[in-house]
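Both ligands and their constituent atoms are indexed starting at 1 by order of listing. These numbers were taken from a predicted model, which means no experiment stands behind them. Basis for what follows: all heavy atoms, side chains included, without hydrogens, waters or symmetry-related copies.
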Amino acid sequence: MPRHTNAIIELDNIRHNYELCVSLAPESNNMAIIKADAYGHGLIDVARYLSSHVPAFGIAIIDEAVQLRQEGITNDLLVLQGCNRKEDILQASLQNIWLTIHSLEQLYLVLKTSLPNKIKIWLKLDTGMHRLGLNQQQFNQALSLVKDSTNIDKNFVISSHFSCAAELHHSETRRQFKQFKLMIEESGFEGELIRSHSNSSAIVGFPEANMEWNRPGIMLFGLPLFDQPHDSDLRLRPAMTFESEVTAIRDVEAGEYAGYGQNWVADKKTKIATVAVGYADGYPRHAKSGTPVLIRNQRAYLIGTVSMDLITVDITGIDNVKIGERVELWGNELSANEIAKFAGTIGYDLLSGLSPRVPRIYRN
Ligand SMILES: *Cc1c(COP(=O)(O)O)cnc(C)c1O
């Protein structure tokens with residue numbers, strides 16, 4: 001018998017969340033971002049399920065795009081980081097994969113590689129994040145280079161990325177958007193305007209930036225989007241439930257401890273359940289004592305250090321807990337965002353960090 005530590009994936013919830021996105025941005029093309037193994041939900045299963053509902057998929061790196069093509073996905077695909085190697089650009093051209101161009105170096109490489117087909121590109125502007133993207137001068141130069149190139153499809157997209165959209169009404173979001181429009185204006189760009197700036201939190205929290213293309217990621221998987229409660233929280237449905245089971249139960253007396261390093265010591269007689277999950281499964285190593293889990297629909301609390309394959313929780317006061325009892329680590333009833341806070345991180349990190357050791361079980 002395998003242990004019952006699984007991620008249950010409700011594909012219908014992903015579909016529901018995508019449709020919510022479309023209803024909020026009906027004028028935009030909404031590309032489903034499924035990088036990092038679809039935020040831990042399984043790249044190929046999620047792509048197959050969504051393929052007839054979405055115009056395109058976004059992934060971080062070329063390997064993910066090639067994998068999607070190998071598995072027969074025919075939707076348009078955008079590589080969000082673009083490529084820095086000739087052989088990857090050739091792959092993109094051969095397999096009709098769109099490339100982000102975020103630097104002149106990337107653009108030169110596309111221009112000088114001999115390609116079987118024109119490549120569709122997304123020219124990325126740096127509007128403040130200073131991670132990837134062209135500044136005004138580089139953008140102007142890129143436009144003149146692209147105009148004369150036979151390697152590049154003339155209908156390219158102009159894109160950028162928000163740094164603070166998860167903080168509702170942050171002034172930087174408005175400033176970046178203004179700069180984005182200004183950069184396009186200053187360049188004297190004369191082609192058809194196809195633009196993209198918004199990720200999930202911007203689509204919902206800053207709708208005036210919904211343009212020809214949006215790039216929703218985390219909202220498809222149903223996590224709350226903002227640093228504060230928001231109407232959309234209740235309309236999004238978490239797609240992943242991470243669950244495990246109780247594998248041992250014992251009582252300890254006041255003064256006894258649990259786990260590595262004696263980091264938790266009982267202040268009274270305590271009933272401890274050991275649960276078959278650990279950091280090697282993607283349960284966060286830095287989760288603090290007091291992080292909640294759900295057992296028999298009640299909250300129990302992590303005590304002591306997270307081990308590689310096990311955690312210990314205080315189940316004093318929860319009646320009838322048995323070996324094999326189901327434990328919810330995050331999901332419908334317990335947001336991954338809440339757990340993340342106890343570990344000093346964010347929900348994205350927990351979902352995308354779920355280990356390959358954890359079987360994904362699909363329901364729809
Ligand atoms: C990951 C990513 C997205 C999706 O962001 P979410 O916050 O998950 O919606 C959009 N655009 C780019 C460039 C990204 O890297």
Side-chain angles (χ1 to χ4, degrees), residues 14 17-18 20-22 24-25 28-41 43 46-47 50 54-65 76-83 98-103 106 121-134 157-168 170 172-173 176-177 180 194-207 209-227 230 232-233 235-236 238-240 335-337 340 345-354:
I14 299 178
N17 296 330
Y18 181 75
L20 176 65
C21 173
V22 170
L24 294 171
S28 303
N29 294 297
N30 295 289
M31 154 184 300
I33 303 297
I34 54 170
K35 60 191 177 188
D37 202 27
Y39 294 55
H41 295 65
L43 178 69
V46 171
L50 283 180
V54 305
F57 291 112
I59 52 275
I61 58 178
I62 185 83
D63 309 54
E64 295 170 319
D76 285 322
L77 302 177
L78 170 67
V79 179
L80 293 166
Q81 289 179 14
C83 305
W98 303 349
L99 293 182
T100 298
I101 300 279
H102 63 68
S103 67
Q106 285 189 329
I121 63 164
W122 284 41
L123 274 182
K124 179 159 187 163
L125 308 186
D126 182 2
T127 54
M129 195 151 176
H130 301 327
R131 191 178 62 168
L132 301 175
L134 306 165
V157 178
I158 304 172
S159 73
S160 192
H161 193 51
F162 287 118
S163 60
C164 302
E167 293 162 64
L168 261 186
H170 198 296
E172 177 62 2
T173 304
Q176 277 188 276
F177 187 50
F180 183 68
I194 315 176
R195 300 158 303 177
S196 176
H197 211 314
S198 294
N199 67 332
S200 303
S201 48
I203 292 166
V204 180
F206 190 66
N210 291 334
M211 291 177 291
E212 288 73 26
W213 281 96
N214 292 329
R215 308 184 308 268
I218 195 75
M219 76 180 293
L220 308 179
F221 306 104
L223 292 198
L225 300 175
F226 300 104
D227 58 340
H230 187 270
S232 59
D233 297 353
R235 304 176 65 193
L236 291 167
M240 178 194 292
S335 172
N337 283 359
T345 186
I346 54 176
Y348 292 72
D349 184 18
L350 299 193
L351 299 185
S352 66
L354 199 74

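- Of the possible donor and acceptor atoms, one in the side chain of Thr100 sits under 3.5 Å from a partner among the backbone N and O of Val79.
- At the top of the distance list for atom 7 (O) of ligand 1, counting protein heavy atoms only, stands Tyr348 OH, 2.6 Å.
- Heavy atoms of Lys35 found under 4.0 angstrom from ligand 1 belong exclusively to the side chain.
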side-chain contact (heavy atoms from CB on, under 4.5 Å) between Phe180 and Arg195, worked out: CA-CA 10 Å; Phe180 183 68; Arg195 300 158 303 177; 4.0 Å; yes
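- Taking every heavy atom of both residues into account, Ala32 and Leu50 meet most closely at CB-CD1, 4.1 Å.
- Taking atom 9 (O) of ligand 1 as the reference point, the nearest protein heavy-atom neighbour is Ser200 OG, 2.5 Å.
- Residue Leu80 places no N or O, backbone or side chain, under 3.5 Å from any N or O of ligand 1.
- Not one N or O on the side chain of Asp37 forms a donor-acceptor pair closer than 3.5 Å with the backbone of Tyr39.
- Protein heavy atom in closest approach to atom 5 (O) of ligand 1: Asn199 CB, 3.4 Å.
- At a heavy-atom distance under 4.0 Å, only side-chain atoms of His161, from C-beta outward, approach ligand 1.
- The closest side-chain donor-acceptor pair between Ser232 and His230 falls under 3.5 angstrom.
- For atom 11 (N) of ligand 1, the nearest non-hydrogen atom from the set Gln81, His197, Lys124, Arg215 comes from Arg215.
- Atoms of ligand 1 lying under 4.0 Å from any heavy atom of Tyr39, numbered from 1 in the order shown and given with element: 1 (C), 4 (C), 5 (O), 6 (P), 8 (O).
- The aromatic rings of Phe177 and His197 lie perpendicular to each other, with more than 60° between the two planes, well past the 30° mark.
- When the options Val204, Ile218, Leu223 are ranked by their closest heavy atom to atom 6 (P) of ligand 1, first place goes to Ile218.
- Side-chain contact of His102 with Arg131: a donor-acceptor pair under 3.5 Å is absent, judged by distance alone.
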